Amino acid sequence: MNPARRTTAGAAAGVVLAIAGGLLTITTAPASAAVTCTSPVFKRQFFANTAFSGTPKKTDCDTAVDQNWGTGAPASGLPKDKFSVRWSLTRDFGSGGPFSLTASAQDGIRVYLDGKLKIDLWKNVSTTVRKTVNVTIPADKHSLRVDFVNWTGTANVKFAYAPRTSADVDKVKPLAPTATSASYDASTGKAKLTWAKNKEMDLAGYRVYRRLKGAPFGGTPLATTASSTYSDATLPVTGATYYYEVRAYDKAGNESTGTADQAVTTADRVAPGVPTITRATGEVTPTGGTGGLQVGWDAVADAASYRVYRAASENGTYAKVGSTDQLTYLDTSAAENTVYYYRVSAVDAAGNESARSEPQRGKIWDNDPPPLVSGLSVTPTEYGFQLDWDKSPAEDLQHYRVYWGELLGDEGDEQVCYGTVSDYVSPDETSFAYTTLPDGDEVCFFLDAVDDDGNSAIKWSDDGVQAVTATELDMTPSVATPEGSPLHLTATGAEGDEGNQLTWSGLGAGEEESADPAESFRVYRWNPASATYEKIAELPAGAFTYFDTGARRGTTSFYWVTGVQADGTESVPAGDWTVTAPAA
């Protein structure tokens, strides 16, 4: 806002010197010289009448319509009463949308949009009058004009216009940014985008989107900025082409359409991913001899070829033995019955080589599986089953696989044990404690022996494997746990000497808030001998965990936990169980 101040006549007028008939005379410049104001600054004109007639006494630029002249004159050469002031501008409203026009004055004020009257408070008043109207302004450029007149007395005037930015009112999308360009600096690997600033008055900022060539733009922007430039330092330098677009968004959350795609092609300085070797096995020639050792691996994106390295030990020196554009390589120089270690790297079209894969052991001609496991016995126990078997004579045994399953088929007919791998056992062991809830089910077990080259005794056996069936002990308590407990109990088997761990929640346990917290908690353990749940601990209010060091290893333990109120009333118990194998 540029306020007009009262000045002397000599200060208000420009001084011009002229020579007429040899005499020096002084004249003043016209009161209203040509004035140009840059939008959105208002052009302001002062008139010494209430009809806006004649040449303005003064013309200047004003950033805002907000004046209070009181009872004085608004500018030099103007009366303190019966004067008028006009503000006008033409500006670009971008995509337009809903706006509010707010005016107040003493005395009269009129507001015009594109020459059409929108606010009319045109009368001589003794107090300030006010009015706000909501309008919809179309896109592009439009004119605003504010006419103010003071007939007598105090003079003040104020006018403002602003977009309405609530999401339920503003449904107009901003215009898409213009003059967008993108450049790429190969030395830094950065892309720079620039665009022209939008004309929207309610603009909130810009969203930058990026996509790989051949892929769509995602729903999440790469970046959000209030600037009209953005530098992308996150581009992968892989030689790929990426496209950018910029969208404007306003304070109501409306987003513009995107700009035309701007492409950049990055430098390629990134190696492909590291291959994963899937096999290193011996090959057979059509005549039955050794064809070599074939190494295979998974495909790597952007790889143009692969390099194969070999060493005599896992941590030895790896020398390149060949390269290929395929996913396998046949090492014909590998000797029979010799262990080798291989690593593979990926190479892209630009010559970038990846790190080498993890080592993979390979050996030609070990297709002899271990013999079938013999002597398997299965003994039902309080913790599940105890499995024992004869030690395998295979020298290259890697592990035993324990299969647990169920018998399929009708009793009396030939039944099949349909099993799945449940555990792996070291080749030095010949027994295994299989833990499960003993509740009287009939199950079956069988074992497989697997050597260092992955040869399975079961897979290569013509005789098949014999499964051993067994029926679990039934350790289920004869007293059922009632439903509806306000507590929740979890029991976890001991792993060392700390005992079985019980953890519960509810009734104020731990830091949990409760409308009816317990004064204490009681822990019970099932005693099969007495066929009752016997109390083993009483814990104070707020307790939420207990370690039962008195529980015997190698059995199944069943527990209850109750909450005790101040009057001694116990809650409905929460129950759980846990199984522990015998101590090693």
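For clarity, every value in this text was computed on a predicted model and none was experimentally measured. In this chain, residues are counted from 1 in sequence order.
Enclosure of atom CD in Glu570 by more than 12 non-hydrogen atoms of other residues, nucleotides or ligands within 6.0 angstrom is indicated. Other residues, nucleotides and ligands place more than 12 heavy atoms under 6.0 Å from the CG atom of Asp170. For Glu358, the CD atom sits in a loose shell: 12 or fewer heavy atoms of surrounding residues, nucleotides or ligands are nearer than 6.0 Å. The environment of Lys141 atom NZ is sparse: at most 12 non-hydrogen atoms of other residues, nucleotides or ligands sit within 6.0 angstrom.
What you find for Ala349 and Ala304 is that their closest heavy atoms are N-CB, 3.8 Å. Closest of all the heavy-atom pairs between Ala271 and Asp348 is CA-OD2, 4.4 Å. Minimum heavy-atom separation, Ser256 to Pro177: OG-CD, 3.8 Å. Nearest heavy atoms, Gly108 versus Phe148: O-CD1, 3.2 Å. The nearest pair of heavy atoms linking Thr545 to Gln501 is OG1-NE2, 3.5 Å. Minimum interatomic distance between Leu117 and Arg110 (heavy atoms only, all atoms of both residues): CD1-CB, 3.8 Å.
The side-chain heavy atoms of Phe544 and Glu512, taken from C-beta on, include no pair separated by under 4.5 Å. Residues Tyr341 and Arg343 form no side-chain contact, since every pair of their non-hydrogen atoms from C-beta on lies 4.5 Å or further apart. Contact of the Thr481 side chain with the Trp577 side chain is not registered, since no non-hydrogen atoms from C-beta on lie closer than 4.5 Å. Proximity of Asp185 to Lys192: side-chain heavy atoms (C-beta onward) are nowhere separated by under 4.5 Å. At least one side-chain heavy atom of Asp232 sits less than 4.5 Å from a side-chain heavy atom of Arg210. The shortest distance between side-chain heavy atoms of Thr90 and Ser143 falls below 4.5 Å. Within the 4.5 Å cutoff, no side-chain heavy atoms of Tyr244 are placed close to those of Thr180. Side-chain contact between Thr224 and Tyr249 is present, with heavy atoms from C-beta onward closer than 4.5 Å.
Side chain of Thr278 to backbone of Gly296: a donor-acceptor contact under 3.5 angstrom is found. Using modelled atom types, one side-chain atom of Asn150 and one backbone atom of Lys80 make a donor-acceptor pair closer than 3.5 Å. Between the side chain of Lys190 and the backbone N or O of Ala186 there is no donor-acceptor pair closer than 3.5 Å. Between the Thr266 side chain and the Ala240 main chain, a donor and an acceptor come within less than 3.5 Å of each other. Looking only at distances, no side-chain donor or acceptor of Asp62 sits under 3.5 Å from a matching main-chain atom of Arg44. Between the side chain of Tyr342 and the backbone N or O of Ile277 there is no donor-acceptor pair closer than 3.5 Å. Side-chain atoms of Asn254 do not come within 3.5 Å of backbone N or O of Pro174 as any donor-acceptor pair. Judged by distance alone, with hydrogens and angles left aside, the side-chain atoms of Glu495 form no donor-acceptor pair with the main-chain N or O of Gly493 at under 3.5 Å.
Here the two rings, on Trp195 and Tyr206, have centers that are under 6.0 Å apart.
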I'd like to know whether Asp147 forms a side chain to side chain contact (heavy atoms under 4.5 Å, CB included) with Tyr112, so could you lay out the CA-CA distance, the side-chain angles of the two residues, the decisive distance to 0.1 Å, and finally the verdict. CA-CA 8 Å; Asp147 287 352; Tyr112 298 83; 3.8 Å; yes
Mind running salt bridge (Lys or Arg N to Asp or Glu O under 4.0 Å) on Arg211 and Asp261 for me, showing each step along the way? CA-CA 10 Å; Arg211 68 177 176 87; Asp261 288 3; 2.8 Å; yes
Quick one, Phe93 with Lys199, criterion side chain to side chain contact (heavy atoms under 4.5 Å, CB included). Give me CA distance, side-chain angles, the key distance, then yes/no. CA-CA 6 Å; Phe93 284 83; Lys199 305 296 185 181; over 6 Å; no
Side chain to side chain contact (heavy atoms under 4.5 Å, CB included) between Val65 and Val157, worked out: CA-CA 7 Å; Val65 181; Val157 59; 4.1 Å; yes
Intermediate values then yes/no, side chain to side chain contact (heavy atoms under 4.5 Å, CB included), Trp69 and Leu78: CA-CA 12 Å; Trp69 292 294; Leu78 286 153; over 6 Å; no
Could you go through the side-chain hydrogen bond (donor to acceptor under 3.5 Å, both in side chains) check for Ser354 and Ser345 one step at a time? CA-CA 5 Å; Ser354 75; Ser345 66; 4.9 Å; no
Run the side-chain hydrogen bond (donor to acceptor under 3.5 Å, both in side chains) check on Asp516 and Ser514 step by step: do they pass? CA-CA 5 Å; Asp516 190 21; Ser514 174; over 6 Å; no
Applying ring-ring contact (aromatic ring centres under 6.0 Å, His included), run through Trp87 and Phe159 and close with a yes or a no. CA-CA 10 Å; Trp87 289 264; Phe159 168 72; 9.1 Å; no
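Taking NE2 of His488 as the reference point, atom CG of Asp576 lies at 7.5 Å (rounded to 0.5 Å). Rounding to the nearest 0.5 Å places CZ of Arg130 at 10.0 Å from CD of Gln106.
Donor-acceptor pairing under 3.5 Å is lacking for the side chains of Thr238 and Asp302. Looking only at atom types and distance, the side chain of Ser181 has a donor-acceptor partner in the side chain of Thr194 under 3.5 Å away. For the residue pair Thr102/Thr132, the side-chain donor-acceptor check at 3.5 Å is satisfied.
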